[in-house]
Amino acid sequence: MSGNLNSQTTQEHTSHKVDMKDIVSLCKRRGFIFQASDIYGGINGFWDYGPLGVELKNNLRDWWWESMVKCPPIGPDGEPVQIVGLDSAIIQNPRVWEASGHVGGFTDPMVDCKETKLRYRADHLVIFIPKDSSEPWLAAPKDDEENIAEKRIKKFGKGKSLSAYETKDLTAIAVQDFDKIIGPDASKPGTLTEPRAFNLLFESKTGATQDTTVYLRGETAQGIFVNYKNTLDSARVRVPFGIAQIGKAFRNEVNPRNFIFRSREFEQMEMEWFCHPSEADKWFDFWIEQRKKWWLSIGVNPDDIIFRRHGDDELVFYSKKTFDVEYRFPFTDPGFGELEGIAYRTDYDLNQHQEYSGVKMEYIDPITNERYVPHVIEPAAGLTRGVLAVLCAAYTVDPNRPSGMFMNFHPRMAPIKAAILPLTAKDGQPEIARDLYMSLRNDFMIELDIKQNIGKRYARQDEIGTPFCFTIDNQTSEDKTVTVRHRNTMKQERIALSSVKSWLHENLAIMAQG
RNA sequence: GCGGGUGUAGCUUAGUGGUAAAGCUCCAGCCUUCCAAGCUGGCUAUGAGGGUUCGAUUCCCUUCACCCGCUCCA
């Protein structure tokens, strides 16, 4: 009877628009997520996970680790793929971030070209402005060894000569005039963004005299790349193989928004899959399929998830192709927000580290003796974003119950799997409840609650998404049975006290299959 | 980063230039035999810092946080 519990709520799930305010409020009231430094007025872009939030986050994290490292998927050849785990330091040698491209020109004001995706230091660009007040204006490097300015004038200058222009530094030009400028490599005006100081990475200092600048990692991926060699030499793996890591990453976002969706400290679940360049396309497709399956296994409504290939215009510089997993959050509705990017990073990262560190990243195939730098497919998921998606997906309005709603968590995600509730705090009921609790606590995350009346306790369990409540009443001492209340239907049935453990194992599994 | 809005208890809301009010929650107890019931008692708030004023939660300034657009972004 419990097998279709989830499907019974699908209708109301889609018919009620959920407001982020209600989710944020519930998260605080029930101890899922708090604002960081709440008592000091908070701090923009940082969040704390409360008693239930950390359980939920750990459940999602463990499920990913289970699916990637402990029990990785079966590959195209019918054998399980090889993936090993890693937990690298948050602070690494700063050269790591120079090699990766995260630091470099990043502390100076930069302008981006929306057309070519190239980035320039604002103080390295000079602008040629026609003396006759015509347009376009032309941008060229200050250090113009290749006579780019002259070539650009020939191309866009409508017959004007170099002497028909005056020059100004880009930094001296008002932002509203940027529309007139053709970037150094662009084909049309207005593609340069206003200069911005990019300093994505948080800085810190190390050493007794605090004289070395270091960076908090902006992604977990680089920790994997710099351990590629160590792993290869110690873990008895052969290409193709993967290294997986879950951990905190930090980005000094200009504009944190939407609860935990864009925060400055967040958690990633990343796997770098190293393979032969000729097989990269095959593995790219393989991982897209695996990741689709995984996201559909955590209790989100399939209608609210989309899988989308990036257009060429939105690809980042290191990626040849990228595939997104996106969820329809209340704040993006009817659009979607990114949960995971599966990127084909080519050999960009290993080559960069090879060049910066001087350590060879070549792999020598033990059978063919071929030498090559492996290509990388990277499924990079946001753990904290996943938590938010699970919270949004679970929030189910139901006017027919005292709480007015319940959290329809997938049983694998639910912070508490079952609650044990004596109907009253007398007649030996608390003692039976305690015995039952003691017999279950090794197997499940269980709550024993004896306070207040039964209705309030059911309501509370609804709000925190506990799948089942076992209730001890007077009949329990007579015939050794308890009632089970199903979260999604509020229906009750009576089962033997002695069978509770096996019943729970069984029914959590049934419910997980939907 | 720009523009607009909002900050009163854990939550939802009153209200006032002069002792800050209520419902729910929460806690302690009583009572309760299945869905936030009832009774008694209790804890808890004007985001922070300045200024004006005899007196500021209220008026002014600054700042912080959150929300909505834009911009950006994983």
Side-chain angles (χ1 to χ4, degrees), chain A residues 19-22 24-31 34-47 50 109 112 114 175 193-198 200 218-221 249-270 310 314 316 319 322 324-326 330-331 337-343 378 380-386 388 398 400-406 421-427 429 451-463 469-478 482-487 489-492 494:
Chain A
D19 196 327
M20 270 317 282
K21 266 193 300 190
D22 297 331
V24 174
S25 170
L26 177 83
C27 282
K28 179 170 190 187
R29 192 156 44 85
R30 286 306 181 193
F34 308 119
Q35 190 161 21
S37 311
D38 197 14
I39 62 170
Y40 288 98
I43 178 166
N44 194 356
F46 297 90
W47 301 91
D112 286 312
K114 293 174 195 164
V175 173
T193 64
E194 63 182 289
R196 281 182 35 184
F198 282 85
L200 194 65
E219 60 180 19
T220 55
F250 305 82
R251 294 188 190 182
N252 200 1
E253 290 289 345
V254 174
N255 192 4
R257 272 291 168 88
N258 293 324
F259 199 30
I260 58 171
F261 182 76
R262 174 164 302 117
S263 50
R264 291 185 168 138
E265 174 176 342
F266 57 102
E267 226 160 324
Q268 293 185 303
M269 308 183 287
E270 296 195 299
H310 272 207
E314 51 181 334
V316 284
S319 179
T322 295
D324 261 3
V325 180
E326 301 181 343
F331 50 82
E338 182 178 352
L339 291 171
E340 170 162 357
I342 300 153
E378 175 198 74
L383 170 55
T384 34
R385 284 186 174 187
L388 184 57
D398 180 3
N400 298 319
R401 61 179 77 203
S403 50
M405 55 75 63
F406 66 102
L421 312 172
L423 196 54
T424 63
K426 57 179 191 184
D427 300 334
Q429 291 175 15
K451 293 168 190 165
Q452 300 175 314
N453 70 63
I454 191 70
K456 287 189 182 188
R457 284 176 283 159
Y458 283 150
R460 192 184 105 79
Q461 296 301 333
D462 278 347
E463 283 193 337
C469 294
F470 298 104
T471 301
I472 284 85
D473 55 19
N474 272 346
Q475 199 181 323
T476 304
S477 55
E478 289 163 19
V482 295
T483 63
V484 191
R485 174 190 184 266
H486 295 254
R487 176 191 69 197
T489 57
M490 298 168 71
K491 291 200 175 109
Q492 288 179 274
R494 193 162 269 277

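Each chain gets a letter, A, B and so on, in the order its sequence line appears, and its residues count up from 1. From a predicted model like this one, the values you see are computed outputs, not experimental measurements. Computed from heavy atoms alone, side chains included, the values below leave out hydrogens, waters and symmetry copies.
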Please determine, by modelled atom types, if A:Gln429 and A:Thr424 share a side-chain donor-acceptor pair under 3.5 angstrom. yes
For A:Arg264, answer base if it contacts any base atom (sugar-phosphate contacts may also be present), sugar-phosphate if it contacts only those atoms, and nothing otherwise; contact means non-hydrogen atoms under 4.0 Å. nothing
Which residue lies toward the 5' end of RNA chain B, A:Arg29 or A:Ile472, if each is placed at its nearest nucleotide? A:Arg29
Under a 3.5 Å limit on both distances, the Watson-Crick or wobble mate of B:U19 is none
Using atom C1' of each nucleotide, how far apart are B:G10 and B:A45 to the nearest Å? 11 Å
Here the distance between atom P of B:C68 and atom CZ of A:Phe259, to the nearest Å, is 12 Å
Nucleotide of B:A37, B:C68, B:C35 approaching A:Gln492 most closely (side-chain heavy atoms): B:C35
What is the distance, to the nearest angstrom, from the CD1 atom on A:Ile454 to the P atom on B:C31? 18 Å
A:Asn255 side-chain N/O to B:G1 phosphate OP1/OP2 under 4.0 Å: no
Considering just the side-chain nitrogens and oxygens of A:Lys456, establish if one lies under 4.0 Å of OP1 or OP2 belonging to B:A37. yes
What is the pairing partner of B:G42, taking Watson-Crick or G-U wobble pairs with both distances under 3.5 Å in any strand? B:C26
Within less than 4.0 Å of OP1 or OP2 of B:G10, is there a side-chain N or O belonging to A:Lys28? no
Atom CG of A:Leu26 to atom C1' of B:G10: distance rounded to whole Å? 13 Å
side-chain N/O A:Gln452 vs B:C27 OP1/OP2, d < 4.0 Å: yes
Should B:C59 form a Watson-Crick or G-U wobble pair with both distances under 3.5 Å, which nucleotide is its partner? B:G51
Is there a Watson-Crick or G-U wobble partner for B:C34 with both distances under 3.5 Å, and which nucleotide is it? none
State whether the distance check finds a donor on one side and an acceptor on the other, under 3.5 Å, for side chain A:Gln461 versus base B:A36. no
Whether the side chain of A:Arg257 and the base of B:C67 hold a donor-acceptor pair under 3.5 Å is what I'd like checked. no
Distance between the C1' atoms of B:C24 and B:A37, in whole angstroms? 14 Å
CA sep, side-chain torsions, deciding dist, call: A:Glu270, A:Glu378, side chain to side chain contact (heavy atoms under 4.5 Å, CB included): CA-CA 7 Å; A:Glu270 296 195 299; A:Glu378 175 198 74; 3.7 Å; yes
Under 4.0 Å between a side-chain N/O of A:Asn258 and OP1 or OP2 of B:C68, yes or no? yes
Less than 3.5 Å apart, any donor N or O on the side chain of A:Thr476 or A:Asp473 sitting next to an acceptor on the other? yes
Once you apply the 3.5 Å cut-off to both distances, tell me the Watson-Crick or G-U wobble partner of B:G7, or none. B:C64
State, yes or no, whether a side-chain contact exists between A:Arg457 and A:Lys451 at a heavy-atom distance under 4.5 Å. no
Base, sugar-phosphate alone, or nothing: which one does A:Ala381 contact when heavy atoms must sit under 4.0 Å apart? nothing
How long is the span from the CZ atom in A:Phe261 to the CE atom in A:Met20, to the nearest 0.5 Å? 10.5 Å
Across the strands shown, which category fits A:Asp462 at heavy-atom distances under 4.0 angstrom: base, sugar-phosphate, nothing? nothing
NA contact type, A:Met490, heavy-atom cut-off 4.0 Å: base, sugar-phosphate, or nothing? base
Phosphate OP1/OP2 of B:C66 contacted by A:Asn44 side-chain N/O (<4.0 Å): yes
Applying a 4.0 Å non-hydrogen cut-off, can you work out what A:Phe34 is touching in the nucleic acid: base, sugar-phosphate, or nothing? nothing
Quick one: the side chain of A:Ser25 and the base of B:C11, do they pair up donor-acceptor inside 3.5 Å? no
Rounded to whole angstrom units, what separation is found between the CZ atom of A:Phe46 and the P atom of B:C64? 14 Å
Counting the atoms with a prime plus P, OP1 and OP2 as sugar-phosphate, which does A:Arg460 contact under 4.0 Å by heavy atoms, base, sugar-phosphate, or nothing? nothing
Rounding to the closest angstrom, what is the interatomic distance between B:A56 and B:G18 at atom P? 11 Å
Span that lies between the P atom of B:C68 and that of B:C60, in whole angstrom: 26 Å
Quantified in whole Å, what is the C1' atom distance between nucleotide B:A9 and nucleotide B:U57? 14 Å
So what does A:Glu219 touch, heavy atoms closer than 4.0 Å: a base, only the sugar-phosphate, or nothing? nothing
Within a strict 4.5 Å, meaning less than it, do heavy atoms of the A:Glu463 and A:Arg29 side chains meet? yes
Which residue lies more 5' along RNA chain B, comparing A:Gly42 with A:Gly382 via nearest heavy atoms: A:Gly42
Separation between the P atoms of B:C70 and B:A28, rounded to whole Å: 48 Å
Side chain to side chain, A:Cys469 and A:Tyr458, heavy atoms closer than 4.5 Å: yes
Student check: side-chain heavy atoms of A:Arg251 and A:Glu219 closer than 4.5 Å: yes
When rounded to the nearest Å, what value does the distance between C1' atoms of B:C72 and B:U53 take? 45 Å
B:C34 base to A:Tyr458 side chain: any donor-acceptor pair below 3.5 Å? yes
Remember a base hit wins even if backbone is also touched, and classify A:Tyr40 as base, sugar-phosphate or nothing at under 4.0 Å, heavy atoms. nothing
Take atom C1' in B:U63 and the same atom in B:G7, then report the distance between them in whole Å. 13 Å
Please give the nucleotide sitting opposite B:C2 as a Watson-Crick or G-U wobble pair, both distances under 3.5 Å, or none. B:G69
Which part of the nucleic acid does A:Glu378 contact within heavy-atom distance under 4.0 Å: base, sugar-phosphate only, or nothing? nothing
State, yes or no, whether a side-chain contact exists between A:Gln475 and A:Arg494 at a heavy-atom distance under 4.5 Å. yes
Just checking A:Thr476: base, sugar-phosphate only, or nothing, at a heavy-atom cut-off of under 4.0 Å? nothing
Of all the nucleotides listed (B:C68, B:A36, B:C34), which has the minimum atom distance to the side chain of A:Leu423? B:C34
